[in-house]
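Structure first, commentary second.
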Protein chains: 4
Amino acid sequence: MPRLTPERREAKRAEIVAAARRCFSRDGFHQTSMPDIAAEAGVSAGAPYRYFAGKDEIILAIAGDAFRLVFAPIQELAAASAAPSVADLVTASLQALSAETVTDAAGHDVPVEELLRCAVQTWSELLRNDTAQAHALDGFESVRGSIADALRRGQAAGTVAPAVDPERGARVVMGLLHGFLLQRVAFGLTDTAAFTGDIRTLLPEG
Amino acid sequence: MPRLTPERREAKRAEIVAAARRCFSRDGFHQTSMPDIAAEAGVSAGAPYRYFAGKDEIILAIAGDAFRLVFAPIQELAAASAAPSVADLVTASLQALSAETVTDAAGHDVPVEELLRCAVQTWSELLRNDTAQAHALDGFESVRGSIADALRRGQAAGTVAPAVDPERGARVVMGLLHGFLLQRVAFGLTDTAAFTGDIRTLLPEG
Amino acid sequence: MPRLTPERREAKRAEIVAAARRCFSRDGFHQTSMPDIAAEAGVSAGAPYRYFAGKDEIILAIAGDAFRLVFAPIQELAAASAAPSVADLVTASLQALSAETVTDAAGHDVPVEELLRCAVQTWSELLRNDTAQAHALDGFESVRGSIADALRRGQAAGTVAPAVDPERGARVVMGLLHGFLLQRVAFGLTDTAAFTGDIRTLLPEG
Amino acid sequence: MPRLTPERREAKRAEIVAAARRCFSRDGFHQTSMPDIAAEAGVSAGAPYRYFAGKDEIILAIAGDAFRLVFAPIQELAAASAAPSVADLVTASLQALSAETVTDAAGHDVPVEELLRCAVQTWSELLRNDTAQAHALDGFESVRGSIADALRRGQAAGTVAPAVDPERGARVVMGLLHGFLLQRVAFGLTDTAAFTGDIRTLLPEG
DNA sequence: CATGAATGAGCATTCATTCAT
DNA sequence: TATGAATGAATGCTCATTCAT
């Protein structure tokens, strides 16, 4: 007879993740202590260890969330849209990240700003953690595949130049996304419209 | 001991910076302790404090180096080239970072891989350090200005589409650079030629 | 572990204070390290930080204890005695400090020798800590007030010369106490009876 | 052929002592580092070691100066005055310490405030340094002897009560001096006149 | 003689993690 | 199941002292 129902367990785990995300966004991964997270979540110092093996596991959970949520819009668009141009893909993705919050798979609202601040920190972790890098690369390739498919449809429809290699072109699209996120979060350049506008100018259809 | 000549002092400082860069590249800013740096440099635990006020100052020195060296090629190109296209700028910049080492202002060879691994970690620091962010933004705008000038010349020469806003287009160029660097270092995608090739395809001249 | 009862928490705090007092008495405030205190108390290096914010807070706690316990006897006497003479006040106070131990407000026995050795060191701290000095002065004035009241009663009863200003006379009484304590602890002059005897001779009643 | 004449050596030593006294008075013995002293004296970090074996020796030198200068006035008075009363001795001694500066044996002016602040810190050192305590006790007994002599002359002249034991009475006098100095420096009670006034009232002549 | 760079042991403090209750 | 007290290794940094020049 589990005292803790799976639903309640999941809810508490999500609270801890949300607390950690707030701390990480505010103070950084390495300036946040486990007691900080527990206090922010309003639980005891030992509680997070019943949901995560340690601090690294919390970081990885948030890293995964960040990756998925950042690329969810472009994946949806790549799947849904008949024949998007490159600029369409980038624009739609960045506009989705202009909202205050996005909703994760479990239905929780996640502040975009927090998410992106964690995402940038995540990149540093990938340098030192081969497992994480492998997972991240899997995710990256999956998103790249979706985008490549969309580019192929775009080529068929004439909205993407035929000379573009879809796999490699998809990599450029992801580079543009990451590049913009970095400018927004680390350099304070938040003007999404200006960025997407010039992408449209620089990357002509067909 | 007699007074250290400024040259020898500078040389020793550079050794400590180089040691720190190796440690940071290998283990990360926050997994590297000051004793680690001292040991790597072959000096006593107290020695780095004669050259830097503390660990943060070492990180900032390396952050500055990383920023300057990453953008040095594109700035040179922007200044030197008569009328580069957007793809020319990106390509030349990334090719410069395909070398094993680059040479800093003091004439020391710096391994590119180390440099880029530090650069990515630097981005995380910008989130929590307003002073550093302000400096970084200054540098960013300076590079952006150079690129914008080059784009203007390109527009005059017809190698850059007249509809492009030079300042904002320069931001897209920098986004592409950062996006590629991230893919290379954090995701292990090192194929520079493939990336630049598709940039050429996606961003037509004129 | 379950929650520590306030009683046990207080007991453990008192153990740490007692350990610190032994260390301070033996080695001095500044020659005693936090690990020394922890080891003397038989706890881990981190434990004292759960009870005190840092070393300074331990020093201040002991400084306050020392001040209170040194002056407790004279304050009691000043309150209790109908019409003490000046010599009565000094004598009774110093005799109370001739015991091996005194009992603090929480009921713990504190070795007098340790206490006085800490008291003398406390004085040095007052020079550099304005907050501590202000607190100490408050305590000083409070004790002075008690003594002054007693002197007034003594004047009414004829055991204290009418020309004495009670507030200022109280200051002289405290000077005598401090002066004796210093001689005892710093110069090794422990003969309380000789000191009080001559005070009686030098300070005639009425 | 000594490059450094004894006079110049002595002068430089005195400069270092004066610098140390300023530092100690301002920051305390243990918060002052040797580099601090060297910097305050305007000499190199190694220079003090050519005049003192280490920090402790500087502290001891200043401790000795402080002791001598604090008691110099009362010793002079005890020697010079025909038949001083107890209050005369205390009063004259404290009045001498009301000046801005006193002059040491080598003819240097020493700020009284600095001197007294060092004196109080000196007392803490005596607790942990048996050699220093022995020296201090020698000095103490020497001063006590002078005062005792003066008290004997006072008894012969009728200005000191015949019942007073001169040696022990001298101890009370010194206690009053130390007690006042402590109040002045550590508690901020600087009103010398009030203190001496009440001593005169409390300690009647004859 | 004087310099000041270098040393390296030592310190106050933090924090990820454990586990008795 | 949850708590939160306890641990103890590790960290960034300081500083008394030395000694090569």
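A, B, ... follow the sequence lines: proteins, then strands. Residue 1 opens every chain.
Of the candidate nucleotides E/dA12, F/dA2, F/dT17, F/dT17 has the atom lying nearest to any side-chain atom of D/M34. Proximity note for C/V43 (side chain, C-beta onward) versus F/dT7, E/dA2, E/dT7: the nearest is F/dT7. Nearest to the side chain of C/K55, among E/dC1, F/dA2, E/dT13, sits E/dT13.
In this structure, D/Y51 atom OH and F/dT17 atom P are separated by 18 Å, rounded to whole Å. Between A/R13 atom CZ and F/dT1 atom C1' the separation is 18 Å, expressed in whole Å. D/I59 places its CD1 atom 12 Å from the C1' atom of F/dA16, with the value rounded to the nearest Å. Atom CD1 of B/I37 is separated from atom C1' of F/dG12 by 11 Å (rounded to the nearest Å). Atom-to-atom, CD of C/E15 to C1' of F/dA6 comes out at 14 Å; the value is rounded to the nearest Å. Between the CD1 atom of D/I16 and the C1' atom of E/dC1 there is a distance of 13 Å, rounded to whole Å. Look at CD on A/Q31: it is 11 Å from P on E/dA16, rounded to the nearest Å. Distance OH (A/Y49) to P (E/dA16): 6 Å, rounded to an integer number of Å.
The side-chain contact (heavy atoms from CB on, under 4.5 Å) test with C/E57 singles out one residue from C/Y49, C/Y51, C/F52, and that residue is C/F52. Residue B/H30 forms a side-chain hydrogen bond (donor to acceptor under 3.5 Å, both in side chains) with just one option from B/Q121, B/E125, B/K55, and that option is B/E125.
Contacts of A/G54 with the nucleic acid, taken as non-hydrogen atoms under 4.0 Å apart, involve only primed sugar atoms and P, OP1 or OP2. When heavy atoms are screened at a 4.0 angstrom cut-off, D/F52 is found touching no nucleic acid atom at all. Within the nucleic acid shown, C/T32 comes within 4.0 Å of sugar-phosphate atoms alone, with no base atom in reach, counting heavy atoms only.
In this structure, a donor-acceptor pair under 3.5 Å is absent between the side chains of D/E15 and D/H108.
Nucleotides of DNA chain E nearest to C/P35 and B/S44 differ in position, and the one nearer the 5' end is that of B/S44. Sequence order on DNA chain F of the closest nucleotides to B/S33 and D/D36 puts B/S33 first from the 5' end. Each of D/K12 and A/A53 has a nearest nucleotide on DNA chain E; the 5'-most of these lies closest to D/K12.
In a base pair of the Watson-Crick type (N1 to N3 plus N6-O4 or O6-N4) or a G-U wobble (N1-O2 and O6-N3), with each distance short of 3.5 Å, F/dT21 is matched with E/dA2. The partner of E/dA16 is F/dT7, by the rule that a Watson-Crick or G-U pair needs both atom distances under 3.5 Å.
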Note to self: Walk me through whether D/T122 and D/F67 qualify under side-chain contact (heavy atoms from CB on, under 4.5 Å).
What the structure shows: CA-CA 9 Å; D/T122 287; D/F67 187 92; over 6 Å; no
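Side-chain nitrogen and oxygen atoms of D/R50 include at least one within less than 4.0 Å of the OP1 or OP2 phosphate oxygen of E/dA2.
Of the charged side-chain nitrogens involved, none lies within less than 4.0 Å of a carboxylate oxygen, so that D/R21 and D/E40 do not count as a salt-bridged pair.
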